[in-house]
Protein chains: 2
Amino acid sequence: MTIANPSTSDDLGSAAQRERRKRILDATYELAKSGGFDAVQMRAVAEQADVALGTLYRYFPSKIHLLVSALGRQFEDASARLNERDIPGDTQAERVLYVLKRMARGMQGDPKLTEALTRAFMFADSSVTNEIHVVGMAMTTIVTHAMHGGVPDEGALTDEDVAIARVIGDVWLSALVAWVTGRSTAAETAAHMETAVGLILRD
Amino acid sequence: MTIANPSTSDDLGSAAQRERRKRILDATYELAKSGGFDAVQMRAVAEQADVALGTLYRYFPSKIHLLVSALGRQFEDASARLNERDIPGDTQAERVLYVLKRMARGMQGDPKLTEALTRAFMFADSSVTNEIHVVGMAMTTIVTHAMHGGVPDEGALTDEDVAIARVIGDVWLSALVAWVTGRSTAAETAAHMETAVGLILRD
DNA sequence: AAACGTGGTGGAACGTGTTCCAAATTATGC
DNA sequence: GCATAATTTGGAACACGTTCCACCACGTTT
């Protein structure tokens, strides 16, 4: 018996397996984008990705793993895109708000997708630690990068920088949940983030 | 046809209805305490509360409403208990950390219960706005009360106070989710809260 | 007291996440 | 190319949230 799990193993498997994995994540993305969390039904994902239900579960042991993995891919892409350019703004607060607003705009453009991924993130238990960590690191990287104005000098990252980035990430997540669940508007969310960043990053 | 909904209407209904509602919330509490989110099964709640499944759904339209209502009761109790005494500590940060640690200790003593209620809170959509609002207000009240050292002078609440309380509440919620889902330990959570409060409340 | 209406009961039924399995297919070692 | 192992498939089956419905109980109106 092999213990290999195509979704978490470092070994990415054969080309066919990589291809299947990509098809599954693409299908997840599409369904989430058009119908949100509820529309990402395992049978529907399997069908659209053209794999059997059992195969889907072999690659991703639960709907939550599946969605969080999709979120991770999104975040890594966003992080890579943001980090290759310089961040405008004269203060840390301005730069951080710049990237947060940029991300917020992106998410508001795809509310269903955002809802699906955020819900999954909030529901993830310890079995999803690895996938979650990918997302958390990407978020922290984005914020610290903005704090430093786009200088790729990673050595300058103090513990306090990281702590600040994590706190901002926390507030952002809470605000995101409130927005996603329809308990606050986009404008309220933006205002709340401005307040929070202003409080945390007083230069 | 009557539109009355026993769970949200201001009119609490007959004594028998109030009694049923209490039995349901008690059953929810018991099940959550012993088995967490998954153990709060609607059939089990109905049976333990000695009502029919249909009746349970008449009082609480979903499992999420049910759990968030139970959370609201918990929080209001905690808030009332905390607010009737003075908060020790010389600075705002010390006092806020005092109450946060106190609450954290309470929650760590009932991890399953905390898990159930937190999960429900995170999953609640806009149909649960009212119940959520109860919890949010209680949390804000607790933090602002601690900031002011137990002085019941509500007139002294500035907008900034409330904003600060909300940011702290956000960080607390994110930390709670991480703890509940097994992604961080109690000690890490406590340390993170200390960092956050230290950053936000620099006297 | 009879009729009525409101809410409660018991239980069937449905949808979707998840598990399981035997058969078919594909990959691997020789 | 064959034997063997690993993977995929198709689909049945199960669990639990949710909906629905026919019927019952009880208080109110007349």
Side-chain angles (χ1 to χ4, degrees), chain A residues 1-9 11-24 27-28 31-32 35-69 116 119-120 123-125 127-128, chain B residues 1-9 11-24 27-28 31-32 35-69 116 119-120 123-125 127-128:
Chain A
M1 176 194 12
T2 308
I3 324 144
N5 175 339
S7 81
T8 58
S9 166
D11 168 18
L12 289 173
S14 69
Q17 283 174 341
R18 248 177 294 120
E19 168 59 22
R20 267 197 201 89
R21 188 167 199 281
K22 177 175 184 311
R23 280 211 311 277
I24 291 173
T28 303
L31 287 167
F37 188 87
D38 289 342
V40 181
Q41 301 183 358
M42 299 306 268
R43 289 170 179 86
V45 172
E47 188 182 358
Q48 183 155 334
D50 203 34
V51 298
L53 190 55
T55 307
L56 172 53
Y57 272 94
R58 164 177 259 281
Y59 280 69
F60 299 94
S62 78
K63 175 171 173 170
I64 300 297
H65 284 82
L66 176 57
L67 280 166
V68 174
S69 295
R119 279 230 144 99
F123 218 65
D125 65 13
S127 75
V128 202
Chain B
M1 175 192 11
T2 308
I3 323 144
N5 175 337
S7 80
T8 58
S9 166
D11 167 18
L12 289 173
S14 70
Q17 283 174 341
R18 249 177 292 121
E19 169 59 23
R20 269 200 197 88
R21 190 168 197 280
K22 178 175 182 314
R23 280 211 313 275
I24 291 172
T28 303
L31 287 167
F37 187 88
D38 289 343
V40 181
Q41 300 182 357
M42 299 307 267
R43 289 171 179 85
V45 172
E47 189 183 356
Q48 183 155 334
D50 203 35
V51 298
L53 190 54
T55 307
L56 173 54
Y57 272 94
R58 164 177 265 279
Y59 280 70
F60 298 94
S62 79
K63 175 171 173 171
I64 300 296
H65 284 82
L66 176 57
L67 280 167
V68 174
S69 296
R119 280 233 144 100
F123 218 65
D125 65 14
S127 74
V128 201

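Below, chains carry the letters A, B, ... as their sequence lines are ordered, and counting in each starts from 1.
Between the CG atom in B:L31 and the CE atom in B:M42 there is a gap of 11.0 Å [rounded to 0.5 Å].
Considering only heavy atoms from C-beta on, B:F37 comes within 4.5 Å of B:L67 through its side chain. Using a 4.5 Å heavy-atom threshold, the side chains of A:R21 and A:F60 count as touching. Counting only heavy atoms from C-beta outward, the side chains of A:R119 and A:D38 never approach each other to under 4.5 Å. Using a 4.5 Å heavy-atom threshold, the side chains of A:R23 and A:E19 count as touching. A 4.5 Å side-chain heavy-atom check between A:I24 and A:T55 finds every atom pair outside the cut-off.
Per the geometry, CG belonging to B:L56 stands 16 Å off P belonging to C:dG11, to the nearest Å. To the nearest angstrom, P of C:dT19 lies 11 Å from NE2 of A:H65. To the nearest angstrom, P of C:dG8 lies 14 Å from CZ of B:R18. Going from atom CG of B:L31 over to atom P of D:dG17 covers 11 Å, rounded to whole Å. Spacing between atom CG of A:D38 and atom C1' of C:dG17 amounts to 12 Å, rounded to whole angstrom units. Going from atom CD of B:Q41 over to atom C1' of C:dG17 covers 14 Å, rounded to whole Å. Look at CZ on A:R21: it is 17 Å from C1' on D:dT8, rounded to the nearest Å. The CD1 atom of A:I64 sits 13 Å away from the C1' atom of C:dT16 (whole-angstrom rounding).
Put simply, B:Y59 has no side-chain N or O that comes within less than 4.0 Å of OP1 or OP2 on C:dG7. Residue A:Y57 places none of its side-chain N or O atoms closer than 4.0 Å to OP1 or OP2 of D:dT8. Side-chain N/O atoms of A:R43 include none lying less than 4.0 angstrom from OP1 or OP2 on C:dT16.
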Base contacts versus sugar-phosphate-only contacts with protein, heavy atoms under 4.0 Å: please encode nucleotides 20-28 of chain D as B, S and - from 5' to 3'.
---------
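Taking the side chain of B:Q17 as heavy atoms from C-beta on, and the options C:dG7, C:dT18, D:dT9, the nearest nucleotide is C:dG7. In the set D:dC16, C:dG8, C:dT18, the nucleotide with an atom closest to the side chain of A:K63 is C:dT18. Considering only side-chain atoms of A:M42, the nucleotide from D:dG17, D:dT7, C:dT18 that sits closest is C:dT18. Taking every side-chain heavy atom of B:R58 into account, C:dG8 is the closest of D:dG17, C:dG8, D:dT9.
A:V45 comes within 4.0 angstrom of nothing in the nucleic acid, heavy atoms only.
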Please walk me through it: do A:L56 and A:L66 pass side chain to side chain contact (heavy atoms under 4.5 Å, CB included)?
CA-CA 9 Å; A:L56 172 53; A:L66 176 57; 4.3 Å; yes
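Nearer to the 5' terminus of DNA chain C, by closest-nucleotide assignment, is the contact made by B:D50 (compared with the other of A:S62 and B:D50).
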